[in-house]
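In what follows, a single structure is set out as structure tokens and then discussed.
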Amino acid sequence: MRRAFMPVVLGLLFVASFANSSTAAQTSRGGDVRVNQLQVIGTHNSYHREISEREQAAYDAAINTPGDYDAFLAYSHAALARQFARQNVRGLELDLLGDPLGGLYDEPLIRTMLGLGPLADPAWRAPGIKVLHIPDVDYKTTCVQFVSCLRQVRAWSRAHRDHVPVAIMLELKRSDARVVAAGGVVAPAWDAGALDALDAEIRSVFAAEEMITPDEIRRTGRTLEASVLHDGWPTLRDSRGKVMFLLDNDPGPIRDAYIAGRPNLEGRVLFTNSRPGLSDAAFIKRNEPRGINTLQIADLVRRGYYVRTRSDVPLQTVVENDTSMLDAALVSGAQLVSTDFPQTGMSARYDSDFVAELPNGRSARCNPVNAPRDCRDDRLQAGR
């Protein structure tokens, strides 16, 4: 496995060498490392907790797919602040569903099927965006309300003001059609009003100076993409203690609605998942890092885009104890590498020792593709 991977590694060495001699030097004024010249580990479905075994069986029955839960969803994450403090995580992913009136998701279908009644936590009945995986069938979460998740992040961030920027991916979800057909609720659409409310909820928790936003990066007379590629991202020195928000959804109706009348994300909070050549292109998602994608991600990173990829896919990766995806993700230079297993021991239940962590064992490292030559891992977190 690793021997077959070597040609890709050698190709990356050439790409990294070229980056270090050109783009990285160009975007690292005065030796300052920039936000896009780091690499961090983030978690996928960072809020996720497993439902009970009885509910898992009801889940499989509701979607008419026996064994589906065990194959894909049998993993749990620590509370968000513990991921930062104990697992060196510096990126999150939250799945969001609209609930403007409150109470839309407090009686999950599988609990009704089992006679368990509604959920006891009053947070489910409060108005506002909720954080969960799939309404009615995979609902368990470490923080019910979006703003409560954000407050946990903010509290940790304010207590550790020298941290490297935390990237928070947001996937804006709707109900699963299979679950709706079985009697589940229909989540509201992410229309213009809902997207404005999303920005408002984020701004209700984080002050402008606590975030990296498109407005901060865009230069007068340039598109957001041109600003990123020609002028670069903010320096780490100016970005410590901040968060940035990334739209996980692929280019399509939700992205189109979010940029409507704002082609460069003027006044918006999120960086959209876009494509090279589009005016809003600063962040690009490439979930699969293996094969030719390794070099393609490295090229995007070298050019100046911020890229997210994944190191594992639950639960096949850990069951097979396969590190090929992790190896490729780390070498690719993608700034945000997402995992469901950020700590040693989490995969042991599957008779596996898989863990996704940076080679230096820290919360950040100098990006292997575009970091300037004078970047030092030991100076990233402490700000020395």
Given side chains that start at C-beta, do those of [X] and [Y] come closer than 4.5 Å, heavy atoms only?
| X | Y | result |
| --- | --- | --- |
| Val166 | Val40 | no |
| Arg303 | Leu300 | yes |
| Leu330 | Pro359 | yes |
| Lys173 | Leu96 | no |
| Ile217 | Phe271 | yes |
| Glu320 | Phe354 | no |
| Phe146 | Lys130 | no |
| Val33 | Thr235 | no |

Taking the side chain from [X] and the backbone from [Y], do they hold a donor-acceptor pair closer than 3.5 Å?
| X | Y | value |
| --- | --- | --- |
| Ser204 | Glu201 | yes |
| Tyr69 | Ile51 | yes |
| Glu93 | Thr43 | no |
| Ser352 | Ala348 | no |
| Gln37 | Cys366 | no |
| Glu288 | Arg290 | yes |
| Ser274 | Asp280 | no |
| Thr323 | Leu326 | no |

Contact list for [range], test salt bridge (charged side-chain N to carboxylate O under 4.0 Å, His left out), sequence neighbours left out:
| range | answer |
| --- | --- |
| residues 328-338 | none |
| residues 64-75 | none |
| residues 265-277 | Asp196-Arg268, Asp199-Arg268 |

Tell me which pairs pass ring-ring contact (aromatic ring centres under 6.0 Å, His included) where either residue lies in residues 70-120, with sequence neighbours left out. His48-Tyr75, Tyr75-His77, Phe84-Trp156

Here's a test for you: under salt bridge (Lys or Arg N to Asp or Glu O under 4.0 Å), which of Arg161, Arg158, Lys242 qualifies with Glu210? Arg158

The salt bridge (Lys or Arg N to Asp or Glu O under 4.0 Å) partners of Glu53 (sequence neighbours excluded) come to none

Under a 3.5 Å threshold, yes or no: a donor from one side chain and an acceptor from the other, between Thr65 and Asp60? no

Could you check whether atom CG of Asp353 has more than 12 heavy atoms from other residues, nucleotides or ligands sitting under 6.0 Å from it? no

Within 6.0 angstrom of Arg86 CZ, more than 12 heavy atoms from elsewhere: no

Do you know which two heavy atoms are closest between Pro289 and Ala328, and how far apart they sit? O-CB, 3.5 Å

List the steps and the verdict of side-chain contact (heavy atoms from CB on, under 4.5 Å) for Leu198 and Leu170. CA-CA 10 Å; Leu198 169 61; Leu170 305 177; 4.2 Å; yes

Partner of Arg365 by side chain to side chain contact (heavy atoms under 4.5 Å, CB included), out of Ile41, Asn360, Leu38: Asn360

Any pair with a residue in residues 209-277 that passes disulfide (SG to SG under 2.5 Å), sequence neighbours left out, goes on the list, sorted by first then second residue, please. none

Centres of the Trp233 and Phe283 rings: under 6.0 Å? no

